[in-house]
Asks: 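Mind having a look at this structure? Questions to follow.
The sequence lines fix the lettering, A, B, ..., with proteins before strands; numbering per chain opens at 1. Note that this is a predicted model, so its numbers are computed, not measured.
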Number of protein chains: 2
Amino acid sequence: MSQSQGRGIPDLAVPRLSHYYRALLESRETDVISSEELSRLTGYSAAQIRRDLASFGQFGTPGRGYSVLDLRTALLSILGIDKDWHVALVGAGNLGQALLGYKGFRDQRFKVLYAFDNDPQKIGREFQGVKVYPLSELSQRIAQNNIRMAILTVPVAAAQEVVNQLVSSGVSAILNFVPVRLKVPEQITVQNIDMAIELERLSYRTTRSPGSTKQDTTKQQ
Amino acid sequence: MSQSQGRGIPDLAVPRLSHYYRALLESRETDVISSEELSRLTGYSAAQIRRDLASFGQFGTPGRGYSVLDLRTALLSILGIDKDWHVALVGAGNLGQALLGYKGFRDQRFKVLYAFDNDPQKIGREFQGVKVYPLSELSQRIAQNNIRMAILTVPVAAAQEVVNQLVSSGVSAILNFVPVRLKVPEQITVQNIDMAIELERLSYRTTRSPGSTKQDTTKQQ
DNA sequence: TAGATTGTTAATCGATTAACAATC
DNA sequence: TAGATTGTTAATCGATTAACAATC
């Protein structure tokens with residue numbers, strides 16, 4: 001149930017790195033940027049930015065700041081998004097179909113190669129250029145195409161069984177939209193997105209606290 | 001940039017409460033349940049469960065445990081989901097349409113009354129029983145129907161302008177799927193769901209740490 | 001009464017912030 | 001050299017865990 005990673009790099013820092021990277025995409029690559037400027041762009045404190053970056057290496061120059069280009073490159077590599085990820089999507093329902101077209105994925109190096117579903121109405125069809133295959137072909141296609149990541153948008157009842165298959169086919173990272181606690185071996189990583197729970201969080205904050213709530217800092221901040 | 005709520009109730013506890021509530025939905029309402037049992041069902045430690053609950057009041061009986069029915073009722077009310085929320089969805093693209101049919105919302109007391117979009121192709125159509133109206137009608141319809149919550153699935157470029165309108169029409173809670181930092185007055189609460197960033201988080205964990213990652217604890221635990 | 005389990009206090013752990021010496 | 005800004009150390013803050021007295 002630990003959340004951090006071992007060498008003093010909090011798991012909480014990772015989405016911040018993503019935000020730093022995004023901010024750098026809007027800066028000119030020939031520029032040098034200070035932690036103070038990055039702070040203005042992202043909303044995180046300059047101290048936190050320096051600390052986050054320093055925990056991965058030495059990317060700045062005292063007295064000058066950080067080279068935009070160098071820092072971009074470093075963050076790409078730290079985040080592991082400097083190369084393509086092959087992704088499978090399982091569950092081509094409404095949400096699954098919508099995600100197949102999601103620009104936030106497509107703009108990046110996450111390549112959804114296949115969708116899987118058991119509905120005969122969907123098998124063989126293409127959504128946003130991604131073809132739907134039957135679940136029976138899942139293991140084989142995943143293994144053959146070096147797919148290490150999966151997006152899970154199946155019904156609750158099917159989730160665990162699908163995950164078992166994904167894992168035994170070699171998938172090691174799962175973005176799970178199903179509101180259920182998946183059981184996976186230790187070396188497999190799951191990131192849950194539970195939209196109902198996010199709404200409840202809003203409900204809570206709006207119900208209590210007639211004044212004071214801020215934007216959440218955990219994810220996008 | 002604070003994350004907590006004032007009286008020692010961490011914002012981080014809120015999604016845990018949601019999980020406790022869900023677990024209780026699967027227990028018989030006539031039963032009494034111990035923190036130990038809830039721990040087994042949810043994966044959170046018994047100590048944390050007792051502490052979380054105790055910070056809201058006294059719901060248990062020493063020596064016995066918690067009445068499932070009473071705790072359910074208490075959590076419903078703490079989370080503010082014991083009454084209907086009127087919700088508007090803005091941006092009826094792929095993702096927006098998918099969310100209109102999302103069971104996780106529908107099962108609960110979040111009622112999406114209207115969708116809004118500027119695309120003439122969509123205006124007047126119905127998705128999952130929810131009708132699409134032009135953005136020009138947003139303020140009026142929100143104000144007239146006591147809508148306090150909104151789901152935002154518009155393109156990046158439109159997001160801030162739409163949010164301004166939402167806020168001035170009386171919306172105080174926004175579930176934001178747009179990968180952008182929204183500027184809102186202090187008393188408005190925004191919860192961001194940034195799917196690309198969640199994928200990057202997986203990428204990070206899979207890239208480094210050849211061994212040790214667990215399921216994330218922040219949201220679904 | 002004995003056993004169980006809460007609510008709470010104290011101890012630990014971890015993350016963020018502040019301050020500053022090192023360095024360009 | 002003087003000014004700027006990093007990387008790092010120490011101080012603070014906050015959240016979780018452990019332990020246990022109170023109580024059913």
Side-chain angles (χ1 to χ4, degrees), chain A residues 1-17 19-20 24 27 31-68 70-71 74 78 212 214 216-219 221, chain B residues 1-17 19-20 24 27 31-68 70-71 74 78 212 214 216-219 221:
Chain A
M1 214 125 298
S2 128
Q3 209 161 334
S4 48
Q5 199 75 170
R7 269 145 320 151
I9 292 142
D11 209 49
L12 291 169
V14 181
R16 290 197 297 262
L17 299 181
H19 286 118
Y20 304 157
L24 291 170
S27 316
D31 281 359
V32 163
I33 196 172
S34 67
S35 56
E36 201 56 63
E37 255 169 288
L38 253 182
S39 171
R40 246 172 280 126
L41 292 171
T42 61
Y44 298 108
S45 77
Q48 177 145 72
I49 291 170
R50 289 201 301 278
R51 171 167 268 287
D52 282 346
L53 296 176
S55 67
F56 289 99
Q58 184 158 311
F59 303 118
T61 312
R64 304 253 308 124
Y66 302 89
S67 147
V68 168
D70 290 356
L71 194 48
I78 291 167
S212 68
K214 301 263 183 35
D216 99 292
T217 305
T218 307
K219 309 65 134 324
Q221 185 250 91
Chain B
M1 216 123 298
S2 129
Q3 210 161 332
S4 49
Q5 199 76 171
R7 269 146 319 150
I9 293 143
D11 209 48
L12 292 170
V14 181
R16 290 196 298 261
L17 299 182
H19 286 118
Y20 305 157
L24 291 170
S27 316
D31 280 359
V32 163
I33 195 171
S34 66
S35 56
E36 202 56 62
E37 257 170 287
L38 254 182
S39 171
R40 245 171 283 127
L41 292 171
T42 61
Y44 298 108
S45 77
Q48 178 145 70
I49 291 171
R50 289 201 301 279
R51 171 168 269 286
D52 282 346
L53 296 176
S55 67
F56 290 99
Q58 184 156 312
F59 302 118
T61 312
R64 304 255 305 127
Y66 302 88
S67 148
V68 168
D70 290 355
L71 194 48
I78 290 166
S212 70
K214 300 267 182 34
D216 102 292
T217 303
T218 306
K219 331 338 204 336
Q221 186 245 93

Asks: Using whole Å, what does the distance between atom P of nucleotide dT6(D) and atom CZ of Phe56(A) come to?
Replies: 18 Å

Asks: Whole angstrom is fine here: how far is it from CG in Leu12(A) over to P in dT16(C)?
Replies: 6 Å

Asks: Please report the closest heavy-atom contact between Glu37(B) and Val32(B), naming both atoms and the distance.
Replies: OE1-O, 4.3 Å

Asks: Assign each of Ser34(A) and Ala13(B) to its nearest nucleotide of DNA chain D by heavy atoms, then name whichever residue's nucleotide is nearer the 5' end.
Replies: Ser34(A)

Asks: Grab the CG-P distance between Leu17(B) and dA15(D) for me, whole Å please.
Replies: 14 Å

Asks: What is the distance, to the nearest angstrom, from the CG atom on Asp11(B) to the C1' atom on dG14(D)?
Replies: 13 Å

Asks: Hey, could you give me the CG/OG distance between Asp52(B) and Ser35(B), rounded to the nearest 0.5 Å?
Replies: 11.5 Å

Asks: Could you please name the option among dA18(D), dT6(D), dT23(D) that lies closest to any side-chain atom of Pro62(A)?
Replies: dT6(D)

Asks: Which residue in the set Asp31(A), Leu53(A), Leu24(A) passes side chain to side chain contact (heavy atoms under 4.5 Å, CB included) when paired with Tyr66(A)?
Replies: Leu53(A)

Asks: Just the rounded figure in Å: distance from P of dA22(C) to CZ of Arg50(A).
Replies: 16 Å

Asks: dT5(C) phosphate, OP1 or OP2: any side-chain N/O from Ser35(B) under 4.0 angstrom?
Replies: no

Asks: Quick one: Asp52(A) CG to dT8(D) C1', roughly how many Å, whole number?
Replies: 14 Å

Asks: Does any nucleotide pair with dT16(D) by Watson-Crick or G-U wobble geometry, both distances under 3.5 Å, and what is it?
Replies: dA11(C)

Asks: Report the distance from atom CD of Gln48(A) to atom C1' of dA19(C), rounded to the nearest whole Å.
Replies: 17 Å

Asks: Taking the side chain of Thr61(A) as its heavy atoms from C-beta onward, which of dC24(C), dT16(C), dC24(D) lies nearest to it?
Replies: dC24(C)

Asks: Report yes or no: is there a donor-acceptor pair, N or O only, under 3.5 Å between the side chain of Arg51(B) and the base of dT9(C)?
Replies: yes

Asks: Within the structure shown, what part of the strands sits under 4.0 Å from Gln58(B) by heavy-atom distance: base, sugar-phosphate, or nothing?
Replies: sugar-phosphate

Asks: Please check: side-chain N/O of Ser45(A) versus main-chain N/O of Gln48(A), any donor-acceptor pairing under 3.5 Å?
Replies: yes

Asks: Now, which nucleotide makes the Watson-Crick or G-U wobble pair with dT23(C), with each of the two distances under 3.5 Å?
Replies: dA4(D)

Asks: Could you tell me the separation between the OH atom of Tyr66(B) and the P atom of dT5(C), rounded to a whole number of Å?
Replies: 12 Å

Asks: Quick check: closest heavy atoms across Tyr44(A) and Ile49(A), and the distance to 0.1 Å?
Replies: O-CD1, 3.8 Å

